[in-house]
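Proteins come first, then strands; the chains are lettered A, B, ... in the order of their sequence lines, and each starts at number 1. Below, each value reflects all heavy atoms present in this structure, side chains not excepted, and no hydrogens, waters or symmetry copies. These figures come from a predicted structure and were not determined experimentally.
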Protein chains: 2
Amino acid sequence: MTRQRQLILDIINSSYSHLTAEGVYTEARKTMPKISLGTVYRNLGLLAQNGEIRRIVLENQPDRFDRCFPGHDHIVCPDCGAVRDIPPELSMARTIERKLKMKPDSYELTVKIVCDECKDKK
Amino acid sequence: MTRQRQLILDIINSSYSHLTAEGVYTEARKTMPKISLGTVYRNLGLLAQNGEIRRIVLENQPDRFDRCFPGHDHIVCPDCGAVRDIPPELSMARTIERKLKMKPDSYELTVKIVCDECKDKK
DNA sequence: ACTATTTTCAGTAATCATTATCAATTTATG
DNA sequence: CATAAATTGATAATGATTACTGAAAATAGT
């Protein structure tokens, strides 16, 4: 665990927005100005692989990274791309296990709902 | 509806694999050798926007395109990236509506399960 | 059917997110 | 502390996708 990796992990764990790699890079440079973008990408990838953070893959957007708290899903606005959490109480994890009759390694559920801001603009 | 767009739609609708844009391009050239890759991308995007086909966004892979039959979800192998359909009977659509107390514009559920071939290799 | 207007095309260049490379440095280990 | 293994910063390269272009085709109006 290097200083860089720890910093990146801290940034994700203390953020409530769903940061892109670029966003993490911007944050990281505030405390470690010489950190490189490659290092950010590499560590985000490693942390996601070890299940310490979560990668969210979206249409037409760079990947987002999120804290890894148990089974919460996401709502994304198809217009502006904003991402919101669905609270864990409403998690689909149990339903998926029950229907498939097995526990998946993991899953990603992205519900698309136009957000209020975008609704107003129309 | 141009000949090119119709061809692309036909290819998706008659395929049971989950083709990438490149895959559609390869298929399309068999009947229309001069079709360009840009045309394939443009039309896949348009068709997906109109809800005539479905775009599947996956980690570390080019997007896949699928026939648009009602509410079926996907299982993807995190090792080899193979995609399989979950039959519509097991669709999560109703559960999502019930839990969120609203009908989303759409949703994507990707369940990650290591496929048998990859399991054997270990 | 004929022409004008709009859309779409093929071909190619450009963009953007992400990975790979590599010598230098840091971290873990005996 | 010494040595091996892993990671870093900097930058080049890659791969998927989009943007641009003048030409061709589709559509609409008369």
Side-chain angles (χ1 to χ4, degrees), chain A residues 1-12 17-50 52-66 76 78-83 108 110, chain B residues 1-12 17-50 52-66 76 78-83 108 110:
Chain A
M1 179 65 76
T2 59
R3 287 178 307 124
Q4 289 86 340
R5 188 171 305 163
Q6 186 62 58
L7 173 60
I8 290 165
L9 182 56
D10 290 348
I11 288 171
I12 296 294
S17 48
H18 303 81
L19 293 169
T20 61
E22 203 69 45
V24 173
Y25 179 52
T26 303
E27 278 306 305
R29 270 190 305 182
K30 290 182 187 169
T31 40
M32 198 181 281
K34 302 217 66 174
I35 197 171
S36 100
L37 183 56
T39 299
V40 171
Y41 269 103
R42 186 156 12 83
N43 282 304
L44 286 172
L46 286 168
L47 289 167
Q49 222 173 342
N50 298 344
E52 300 184 69
I53 64 176
R54 234 172 94 186
R55 180 195 297 265
I56 312 171
V57 178
L58 298 170
E59 201 175 314
N60 267 333
Q61 287 196 61
D63 290 359
R64 308 296 199 88
F65 295 88
D66 195 8
V76 58
D79 287 7
C80 71
V83 180
E108 282 300 323
T110 311
Chain B
M1 180 63 76
T2 59
R3 287 179 307 124
Q4 289 87 341
R5 189 171 304 163
Q6 187 61 59
L7 173 60
I8 290 166
L9 182 56
D10 290 347
I11 288 170
I12 296 294
S17 49
H18 303 81
L19 293 169
T20 60
E22 203 70 47
V24 174
Y25 179 51
T26 303
E27 277 306 306
R29 271 191 303 182
K30 290 181 186 168
T31 39
M32 198 181 283
K34 302 218 64 174
I35 196 170
S36 100
L37 183 56
T39 299
V40 172
Y41 270 103
R42 184 159 13 82
N43 282 304
L44 286 172
L46 286 168
L47 290 167
Q49 222 172 340
N50 298 344
E52 300 183 71
I53 64 175
R54 234 170 94 186
R55 180 195 295 267
I56 312 171
V57 177
L58 297 170
E59 201 176 313
N60 266 331
Q61 287 196 62
D63 290 359
R64 308 296 199 88
F65 296 88
D66 196 6
V76 58
D79 287 6
C80 70
V83 179
E108 281 301 324
T110 311

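- With rounding to whole Å, B:Asp63 atom CG is found 13 Å from D:dT18 atom C1'.
- When distances are taken from the side chain of B:Arg5 to each of D:dT17, D:dT8, C:dT8, the shortest belongs to C:dT8.
- Atom P of nucleotide C:dT18 and atom CG of A:Leu46 are separated by 15 Å, given to the nearest angstrom.
- To the nearest 0.5 Å, atoms CD (B:Gln4) and OG1 (B:Thr31) are separated by 10.5 Å.
- Considering only heavy atoms from C-beta on, A:Leu37 comes within 4.5 Å of A:Glu22 through its side chain.
- The shortest side-chain heavy-atom distance between B:Leu58 and B:Ile56 falls under the 4.5 Å cut-off.
- Side-chain atoms of A:Arg42 lie closest to D:dT8 of the nucleotides D:dT18, D:dT8, C:dT19.
- Atom CD of A:Gln6 is separated from atom C1' of C:dT26 by 16 Å (rounded to the nearest Å).
- Each of B:Met1 and B:Ala21 was assigned the nucleotide of DNA chain D with the nearest heavy atom; the assignment lying further toward the 5' end belongs to B:Ala21.
- For B:Thr2, whose side chain is taken as the heavy atoms from C-beta onward, the closest listed nucleotide among C:dA17, D:dA26, C:dT27 is D:dA26.
- Proximity note for B:Asn43 (side chain, C-beta onward) versus D:dT8, D:dT17, C:dC9: the nearest is C:dC9.
- B:Leu19 places its CG atom 13 Å from the P atom of D:dT17, with the value rounded to the nearest Å.
- Per the geometry, CG belonging to B:Leu37 stands 17 Å off P belonging to C:dA14, to the nearest Å.
- Counting non-hydrogen atoms of other residues, nucleotides and ligands closer than 6.0 Å to CZ of A:Arg3 gives a total of 12 or fewer.
- The A:Pro62 side chain lies nearest to C:dA17 when the options are D:dG9, C:dA17, D:dA26.
- Residue whose closest nucleotide on DNA chain C sits further toward the 5' end, between A:Phe65 and A:Arg3: A:Phe65.
- Comment: A:Glu108 does not engage A:Arg55 in a salt bridge, judged by the lack of any side-chain N to carboxylate O separation of less than 4.0 angstrom.
- Counting to the nearest Å, the P atom of C:dA17 and the OH atom of A:Tyr41 are 7 Å from each other.
- Between the CG atom of A:Leu7 and the C1' atom of D:dT7 there is a distance of 15 Å, rounded to whole Å.
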Check: After noting the C-alpha distance and the side-chain angles of B:Leu47 and B:Ile8, does the key distance pass the side-chain contact (heavy atoms from CB on, under 4.5 Å) rule?
Finding: CA-CA 9 Å; B:Leu47 290 167; B:Ile8 290 166; 4.0 Å; yes
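- In this structure, B:Leu58 places its CG atom 19 Å from P of D:dG15, rounding to the nearest Å.
- Side-chain contact between A:Asp66 and A:Ile12: absent, with no pair of heavy atoms (C-beta onward) separated by less than 4.5 Å.
- Against DNA chain C, the stretch residues 22-36 of chain B makes heavy-atom approaches under 4.0 Å through B:Lys34, B:Ile35, B:Ser36.
- Toward the 5' end of DNA chain D, the nearer of the two residues B:Thr20 and B:Gln4, judged by each one's closest nucleotide, is B:Thr20.
- In terms of phosphate contacts, B:Asn60 brings a side-chain nitrogen or oxygen within less than 4.0 Å of OP1 or OP2 of C:dT19.
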